[in-house]
Structure formats: structure tokens, C-alpha cells
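To start, the structure under review is shown below, and the notes come after it.
Note: hydrogens, waters and symmetry copies are ignored here, and every other heavy atom, side chains too, is used.
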Amino acid sequence: MRILVIGAGVIGTTSAWALQEQGHDVCLIERQSTAAEGTSHANAGMITPGYTAPWPAPKIWRKLPRWLLRTHTPFAISPPLSRRDLRWMLASLRQCRARCYTANIQAMMALSVYSQAMMARLRDTVPLHYAQRFGGTLQLFRHPVSLTDLRLHTDYLDQREIPYEVLDRAGCLAREPGLERAETPPVSGLYMPQDETGDCCLFTRQLAAAFVARGGEIRYNTPVSGLLVENGHVRGALDQQGEALRAERVVLCTGHETPALLAPLGLDLPIAALKGYSMTVPLRIPAYGPQSTVLDDTYKVALTRLENTIRVGGIAEIAGGRQGLTRRHLETLRLSLASLFPDSYVAEEAQFWAGQRPTTPTNLPFIAETALAGLYVNAGHGTFGWTMAAGAAALLADLVSGTPSPISAAPYKVRK
């Protein structure tokens, strides 16, 4: 089949690759001049099935007021907000019930574990070099945390047979020796050895090049103005000049912009733009910096080693889709890095970035055919886009081809 995949971020590029693997004639459409210019460009650099969990959780009610009043907060709301944003927030809060959380985290972990297996298979197929490391993730606690609270997450890790270690201070320092210099020494940690790290932008661009080398087509600098519908069936897309790009199937991998493309067709998906921030700094003394990824639980910030740099990523800001950098959130990233790994980096050469994470109220992505025949969507992966990308792409390709998949597609379907 001739298939159009719209959006060349990590989700769209892996989807195009997976569809091509199943023998389809795939054209990848991207409005920018190259792949991974949007949300995939400078994310935290983690592939982390072990840390996969939804934000809406039963205890969020207790944390949310404190977060909203703090200067250095992992979550922020920046008015004005649209009615759509407010509806999305209310829908997210409804997901904080225990039974919803259980269903959501189980589905997220199932997709993330499957995705890691598909990622390993992809690496076996294509030689990719994206500053990858396989040193795991250390979730770091600066203050005492109860074993009961830890058990709330490790029970789910046990169910998925994801290995982990609960570490004391000495164990944390053995894993990350640079923490010896931390202003606030770690109290304990949760280490997940199978998590991976790397540069998502490099990965995406190299996979896009491999896709073309294998016969795929990419059209850069091609914004899509709408979808082509004939007799209730999607038959392609329209570029900004009105030219029809015809296909038998269309897959939207357009992140937080997906609702705007669907709205003229009378379709609505609850995907909001949650702005995330990152800072990238050169290493000054490698031994003083992180060796893999450290998750600072206090600020919900990830600090990842990418060859000779450190990528610091975090913050979830509901800002009505507005672009730009907010100074206090950048200061939160600086504070986390400076307090954990002082003197390890060249502060004056810091590069800052912000991107819109496409997030659903459940934190589960949509991977499904829509109510319009021939139109599929693979969007809404939130903060776990790279973690879920290879698995979501494989599941999407199975759905389009009508072939059985190793995991159930039911949790990720579009409610019609």
C-alpha cells in the first residue's frame, strides 16, 4: 500500500520505518527542513521502561498545591488557558483514581517493555550511533522515602519482570561516583539497570537516512494544510499549495498538533501541549558528572550523560501551547545540576531548549485507526515518546497491515 506518514519526529520516523519493513510504499512528510526539529530535538535522552508511569496518580492531590506554589516546581500552569486546556486538566484529574492509575501504568509499561525489545531489534538491523549508553537509570531521593511509597512502584516493576535495586547512600555513590561532591548527599535511590540513554535527535535523523537509503521517500519543507477525504475515506493529504498527496492510508504522527488537523473532520482527540525544558552543557571534568541518567526526584529532573555533554531535562508546563523559555524553569534545571554535580560542567556554554510534549489525560498514547476509514494516529506519548517509539511504531504497522501484534492494541484505541 501507498502510505503517508505525517510528522518526522521520533514517532513518525520509527512508524515510517516499521511500515516500510512490512513491505509498504511509505512517504514521510515533514514541514521542517529536517527530521527531529520539534519535540524530539533536545529531550532528556532516556529510554526508560523502568520509570514509565502516568502523572495522574492517587497522591497527586496532595502534591499539586505545593508544586503550584513553589518557584522551582516540576509542574506549572501559566494562564491564559483555553477551554480545551481546562477540559483536558479536569479529565486528567479524573484519572487520579487508584483503578485508573493501575490500568494506565500497566498499559504504559506493557508498551514500554515491548518498545525496548523492538529498539534492540532495530539496532541489530541498522548501524546507529546516537551517543547510546546502557548504564541504567538511578532515581535519586535527597530526603527519606518510605519503603511503602517505593513499593507502590516496584510492585508494577515486579509484574513486568523489570529488574531494579533499592540502594542506600553508599549504593548510590557506587553507581554514580560524581555524587560524592553533591551539596545535598543522596539518602537512597531506585536503580533500574536495563534503562538506556542517548541522543534522540541523532537517533531520529540517522533512522530517517536509513529509511531513505532503503527506498523510502521523505518530503521536507512540506506543511500539510488538511486531509483529503473522498466518500468517507481518507485518500491522502493536501500541502499548502493545495496539491494532493495521494495515498491509500494516512498516519498522523503530529504530536500536539494532531487535534488541529482532525478538527475540520469533526474528530477530537484530547491531546494537550505540555511544555518541557532542557539544558545541554559541555562536561568540564567527566569524572565529576553523571555516568548514565540520574533522576532528581525532588525536582523531577533527569540528568543524562551524552558523550561529552550533560543533558538536563524536566518541567511540565501547561501554557496554552505558547512557545518560548521561562526563566524560572531554566533556573530549576540549573539548580538541580549544580547541587548534584557541581564543577562538572561549563556553565557559561549552556544551551537551552523548550518543546511541546503531546500528552493525553491518561498519559496513554493513541495508536489506532480513527472513525474515518484509512486514517490512523500515533500520537500523545507525553514524556515517554522515545521510550515508547519503536513499540508504538511496530504496533501501528501491525494495525495498518492487519497482522497480529504481540501486545494488545485495546488500551491505545481512539474512542469513537
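- With hydrogens and angles ignored, the 3.5 Å screen pairs a side-chain donor or acceptor of Ser339 with a backbone N or O of Ser336.
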Check against side chain to side chain contact (heavy atoms under 4.5 Å, CB included), Thr359 and Trp55: CA-CA 10 Å; Thr359 308; Trp55 275 71; over 6 Å; no

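- Within a 6.0 Å radius of CD in Glu161, other residues, nucleotides and ligands contribute 12 heavy atoms or fewer.
- Judged by distance alone, the side chains of Glu196 and Gln116 do bring a donor and an acceptor atom under 3.5 Å apart.
- The two residues Pro365 and Leu111 come nearest to each other via the heavy atoms CG-CD2, 3.8 Å.
- Taking the six-membered ring where tryptophan is involved, the planes of Tyr101 and Tyr156 are perpendicular, since the angle between them exceeds 60° and thus also 30°.
- Under a cutoff of 6.0 Å and an axis angle of 45°, Arg214 and Trp17 form a cation-pi pair.
- The two atoms that bring Ala371 and Leu267 nearest to each other are CB-CD2, 4.0 Å, heavy atoms only.
- What you find for Arg357 and Ala316 is that their closest heavy atoms are NH1-CA, 3.9 Å.
- The backbone N or O of Thr197 lies less than 3.5 Å from no partner atom in the side chain of Gln132, so there is not a single donor-acceptor pair.
- With respect to the salt-bridge test (charged N to carboxylate O, under 4.0 angstrom), the residues Asp199 and Arg205 do not qualify.
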Check against side chain to side chain contact (heavy atoms under 4.5 Å, CB included), Leu295 and Met46: CA-CA 10 Å; Leu295 285 171; Met46 303 161 58; 3.7 Å; yes

Evaluation steps, salt bridge (charged side-chain N to carboxylate O under 4.0 Å, His left out), between Glu183 and Arg142: CA-CA 10 Å; Glu183 292 179 6; Arg142 300 176 187 239; over 6 Å; no

Thr309 and Val281: CA distance, side-chain angles, deciding distance, side chain to side chain contact (heavy atoms under 4.5 Å, CB included) verdict: CA-CA 5 Å; Thr309 64; Val281 292; over 6 Å; no

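- Nearest heavy atom pair, residue Pro54 against residue Asn363, reads CA-OD1, 3.3 Å.
- Shown are Asn104, Leu364, Ile60; of these, the side chain to side chain contact (heavy atoms under 4.5 Å, CB included) with Gln95 is made only by Asn104.
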Step-by-step side-chain hydrogen bond (donor to acceptor under 3.5 Å, both in side chains) determination, Gln106 to Gln159: CA-CA 9 Å; Gln106 288 177 342; Gln159 291 172 26; 3.2 Å; yes

CA sep, side-chain torsions, deciding dist, call: Arg334, Glu331, salt bridge (charged side-chain N to carboxylate O under 4.0 Å, His left out): CA-CA 5 Å; Arg334 289 185 208 257; Glu331 289 302 319; 3.1 Å; yes

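- Between Arg322 and Ala319, the closest heavy-atom pair is CZ-O, 2.9 Å.
- Ring orientation note: the planes of His41 and Trp353 are tilted relative to one another, at an angle of 30° to 60°.
- Of the possible polar contacts, one joining the Gln20 side chain to the Phe211 backbone as a donor-acceptor pair under 3.5 Å is found.
- Note that the CG atom of Leu252 and the CD1 atom of Ile29 stand 12.0 Å from one another [nearest 0.5 Å].
- Glu30 places a side-chain N or O within donor-acceptor distance of the main-chain N or O of Ala8, the cut-off being under 3.5 Å.
- Side-chain atoms of Thr280 and Arg311 form a donor-acceptor pair, as typed in the model, at a separation below 3.5 Å.
- Residues Met279 and Leu337 approach most closely at CE-CD2, 3.7 Å, considering heavy atoms.
- Other residues, nucleotides and ligands contribute only 12 or fewer heavy atoms inside 6.0 Å of the CZ atom of Arg31.
- No more than 12 heavy atoms of other residues, nucleotides or ligands sit less than 6.0 Å from atom CD of Gln351.
- Residues Thr102 and Arg99 bring no donor and acceptor atom of their side chains to less than 3.5 Å of each other.
- The aromatic rings of Phe203 and Tyr130 lie perpendicular to each other, with more than 60° between the two planes, well past the 30° mark.
- Using modelled atom types, one finds a donor on one side chain and an acceptor on the other under 3.5 Å when comparing Ser78 with Glu317.
- For the residue pair Asn221 and Ser33, no side-chain donor N or O sits within less than 3.5 Å of a side-chain acceptor on the partner.
- Neither side chain, Thr387 nor Thr48, offers a donor N or O lying under 3.5 Å from an acceptor on the other.
- Atom NE2 of His381 sits about 9.0 Å away from atom CD1 of Ile271, to the nearest 0.5 Å.
- The main-chain N or O of Leu238 is found under 3.5 Å from a side-chain atom of Ser225 such that the two form a donor-acceptor pair.
- Among pairs with a residue in residues 291-335, those fulfilling ring-ring contact (aromatic ring centres under 6.0 Å, His included) read Tyr277-His329, at least two apart in sequence or across chains.
- For residues 237-250, the salt bridge (charged side-chain N to carboxylate O under 4.0 Å, His left out) pairs, not counting sequence neighbours, are Glu230-Arg246.
- The closest side-chain donor-acceptor pair between Ser401 and Asp398, if any, does not fall under 3.5 angstrom.
- Side-chain atoms of Thr304 never come within 3.5 Å of backbone atoms of Gly45 as a donor-acceptor pair (strictly under, hydrogens ignored).
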CA sep, side-chain torsions, deciding dist, call: Leu140, Asp297, side chain to side chain contact (heavy atoms under 4.5 Å, CB included): CA-CA 6 Å; Leu140 189 72; Asp297 189 72; over 6 Å; no

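- Neither side chain, Asn378 nor Tyr412, offers a donor N or O lying under 3.5 Å from an acceptor on the other.
- A salt bridge links Glu165 to Arg175: one of the charged nitrogens lies within less than 4.0 Å of a carboxylate oxygen.
- Annotation: side-chain hydrogen bond (donor to acceptor under 3.5 Å, both in side chains) contacts of Arg133 (sequence neighbours excluded): none.
- Residue Arg70 qualifies as enclosed at atom CZ: its count of foreign heavy atoms under 6.0 Å is above 12.
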